[in-house]
Amino acid sequence: MSLRIRLPAAVALTVVVASAVIAAEASAATRYEAENAPATCAGLIESNHAGFSGSGFCNADNAAGAAAQFTVTAPAAGAATIAIRYANGGTSNRPADVLVNGTVAHAGSAFDPTGAWTTWVTKTLTVSLNAGDNTIRLNPTTAAGLANIDYLETGAPPSATTTVWLAGDSTVAANSGGNVVGWGRELGAYLTSGATVVNSAIGGRSVQTWLYESAVTGTKNSAGECVLSSTAYAARWQAMLDASTGMKAGDHLFIQFGINDGSSTCPRHVGSARYRELLTTMVRAAQQRGAHPTLVTPVSALSCSGSTATPTRGFLTETFDVGRATGTPVIDLHKLSYTLYNSLRFCPFNGDYSSGPVGAFFADDHTHFEAAGARQIAGLVTKAVRDQQLALSAYLR
């Protein structure tokens with residue numbers, strides 16, 4: 001944590017903290033301050049960094065496992081939103097497992113730098129609680145320990161409105177010409193009127209060409225990666241990053257690449273390490289703004305081995321790696337999609353995309369969708385949102 005002066009040995013290193021409930025107005029969140037019993041902080045309660053709520057905050061020891069734990073009360077069992085207010089004046093992420101009643105609910109959840117120990121931000125997660133008392137433990141996974149923890153809130157109602165930002169390729173884009181429709185165009189049909197979809201997916205893009213567009217050249221460097229002529233972001237990513245009109249706290253960012261990235265030639269080519277790097281950049285940007293990033297593995301093309309639809313895409317391991325490293329949920333749309341093709345008995349297939357069930361689902365090839373197919377793929381995404389209890393589930397119909 002931040003530098004501090006140790007108290008005398010007579011003061012216990014494990015300080016009881018964080019569970020006195022602050023009275024809240026009806027429909028407001030219930031706040032549990034980090035300086036009040038009966039929860040625990042493996043470190044010190046301090047008040048030397050301005051901007052905290054209540055009378056102090058938990059500054060846990062700089063060690064893996066030096067946890068802060070809250071005891072919270074839920075009126076009924078089910079999914080709940082928790083908000084953790086923290087400050088991280090360091091230069092590195094201080095990840096922590098978030099355990100609910102002893103079970104990991106979010107592994108390696110990111111607590112990114114906030115710029116200063118006096119700059120406090122709120123991290124929002126969705127967890128499952130039992131009726132009555134529950135323990136929520138923030139367990140740091142590195143020797144750097146936790147960020148400074150101010151309080152935890154439960155029961156915060158979702159904002160009346162949210163924006164769902166989409167970044168991806170033609171299988172996500174609203175339209176890529178002709179009758180080609182991406183699942184992003186159909187996503188709104190599964191959401192309440194409180195959610196607005198901003199679909200910035202565009203056909204033919206890898207994660208790098210989506211981010212940098214014409215700055216990606218046709219030349220590879222010694223590492224085998226496409227050379228950038230400029231590090232200026234494309235307008236679509238700049239729009240998402242705009243402090244006034246871009247991603248804000250409580251918004252959602254869905255990221256799906258991995259189809260065009262496998263090209264052997266530039267500008268589309270993206271190597272494994274570079275793919276992880278760029279996905280991480282996007283995830284961190286969303287997290288720093290208080291938005292909820294979700295990674296989506298690339299939707300599968302239709303490929304038959306006899307009567308069985310088989311996997312077709314790469315960059316699956318890389319996507320899950322970034323999810324684990326950043327504490328970001330991953331929807332395995334790749335597996336969900338070819339599983340759907342099998343349930344619809346698309347195989348064996350004679351290659352005719354102009355008629356029959358396959359022709360009604362796909363648009364002229366094994367990758368792109370008609371509107372009806374895109375609607376079903378969007379349904380897979382939203383079902384996963386609900387099944388994984390992601391924050392966007394509050395806006396599902």
Side-chain angles (χ1 to χ4, degrees), residues 16-42 53-54 57-58 60 65 67-86 95-111 121-141 146-147 149-160 162 192 194-195 249-250 252 287 290-294 323 327-331 382-397:
V16 175
V17 298
S19 205
V21 179
I22 287 187
E25 297 178 0
S27 78
T30 301
R31 181 174 298 178
Y32 300 84
E33 289 282 1
E35 65 273 19
N36 297 322
T40 57
C41 168
S53 170
F57 55 85
C58 172
Q69 181 169 298
F70 296 79
T71 299
V72 305
T73 303
T81 299
I82 63 170
I84 303 163
R85 192 168 189 253
Y86 77 93
D97 291 341
V98 179
L99 293 85
V100 178
N101 298 322
T103 299
V104 175
H106 295 274
S109 192
F111 288 80
V121 301
T122 300
K123 180 180 183 66
T124 305
L125 298 169
T126 301
V127 298
S128 293
L129 299 179
N130 298 327
D133 288 345
N134 299 262
T135 60
I136 299 178
R137 183 178 180 87
L138 311 179
N139 192 30
T141 58
L146 284 174
I149 305 298
D150 186 17
Y151 61 69
L152 182 146
E153 286 184 339
T154 61
S159 170
T162 191
T192 67
H252 307 265
Q287 291 172 334
H292 305 284
T294 299
T328 302
V330 178
I331 293 176
T382 53
K383 183 177 186 302
V385 166
R386 194 184 305 277
D387 290 347
Q388 295 176 217
Q389 299 182 1
L390 305 187
L392 186 63
S393 60
Y395 296 92
L396 295 181
R397 294 184 184 277

Discussion item. Pairing donors with acceptors under 3.5 angstrom, does anything connect the side chains of S128 and Q389?
Written reply: yes
Practice prompt. Walk me through it: do L390 and T126 pass the test side-chain contact (heavy atoms from CB on, under 4.5 Å)?
Written response: CA-CA 6 Å; L390 305 187; T126 301; over 6 Å; no
Worksheet, complete the sentence: Tightest non-hydrogen contact, residues A131 and P75, listed as CB-O, 4.5 Å
Worksheet entry | Polar side chain donor-acceptor pair, S53 to R31, under 3.5 angstrom | yes
Worksheet item: Within the distance-only criterion (no hydrogens, no angle test), does the side chain of T162 pair as donor or acceptor with the backbone N or O of G250 below 3.5 angstrom?
Response: yes
Response to the item:
Between A110 and Q287, the two heavy atoms sitting closest are CB-OE1, 3.6 Å
Practice prompt. Take Q69 and L138, measure what side-chain contact (heavy atoms from CB on, under 4.5 Å) needs, and give me the verdict at the end.
Written response: CA-CA 6 Å; Q69 181 169 298; L138 311 179; over 6 Å; no
Fill in: Pairwise side-chain contact, T294 with I331, heavy-atom cut-off 4.5 Å (strictly under)
yes
Worksheet item: If you round to the nearest 0.5 Å, how far is CG of L152 from OG1 of T30?
Response: 10.5 Å
Item to complete: Establish, yes or no, whether the cationic atom of K123 lies under 6.0 Å from the six-membered ring centre of Y86 and within 45° of the ring axis.
Response: no
Worksheet entry | Rounded distance [0.5 Å steps], OH in Y151 versus CD1 in I84 | 11.5 Å
Practice prompt. Could you walk me through whether I149 and F57 pass the side-chain contact (heavy atoms from CB on, under 4.5 Å) test, one step at a time?
Written response: CA-CA 6 Å; I149 305 298; F57 55 85; over 6 Å; no
Discussion item. Looking at every non-hydrogen atom in both residues, tell me the closest pair between R397 and T192 and how far apart they are.
Written reply: CG-N, 4.0 Å
Worksheet item: For D133 and T73, does a side-chain donor sit closer than 3.5 Å to a side-chain acceptor?
Response: yes
Worksheet entry | Residue pair S109 / V98: nearest heavy atoms and the distance that separates them | CB-CG2, 4.1 Å
Discussion item. Could you go through V385 and D387, starting from their C-alpha distance and side-chain angles, then the distance that decides it, and tell me whether this counts as side-chain contact (heavy atoms from CB on, under 4.5 Å)?
Written reply: CA-CA 6 Å; V385 166; D387 290 347; over 6 Å; no
Item to complete: Kindly compute the distance separating NE2 (H292) from OG1 (T328), expressed to the nearest 0.5 Å.
Response: 11.5 Å
Worksheet entry | Pairwise side-chain contact, T81 with L125, heavy-atom cut-off 4.5 Å (strictly under) | no
Item to complete: Answer whether the closest heavy-atom distance between the side chains of L99 and H106 falls below 4.5 Å.
Response: no
Worksheet item: Between the side chains of N101 and N134, does any donor sit under 3.5 Å from an acceptor?
Response: yes
Worksheet item: How far does CZ of R137 sit from OG1 of T71, to the nearest 0.5 angstrom?
Response: 11.0 Å
Discussion item. Is the shortest side-chain heavy-atom distance between V72 and Y32 below 4.5 Å?
Written reply: yes
Practice prompt. Mind listing the closest non-hydrogen atom pair of P329 and P293 along with its distance?
Written response: CD-O, 3.6 Å
Item to complete: Would you check if H252 and Y395 make a side-chain contact, meaning some heavy-atom pair closer than 4.5 Å?
Response: yes
Worksheet item: Taking all non-hydrogen atoms of both residues, which atom of A34 and which atom of C58 are closest, and how far apart?
Response: CB-N, 3.9 Å
Item to complete: Evaluate the side-chain proximity of I82 to I136: yes if any heavy-atom separation is below 4.5 Å, no if none is.
Response: yes
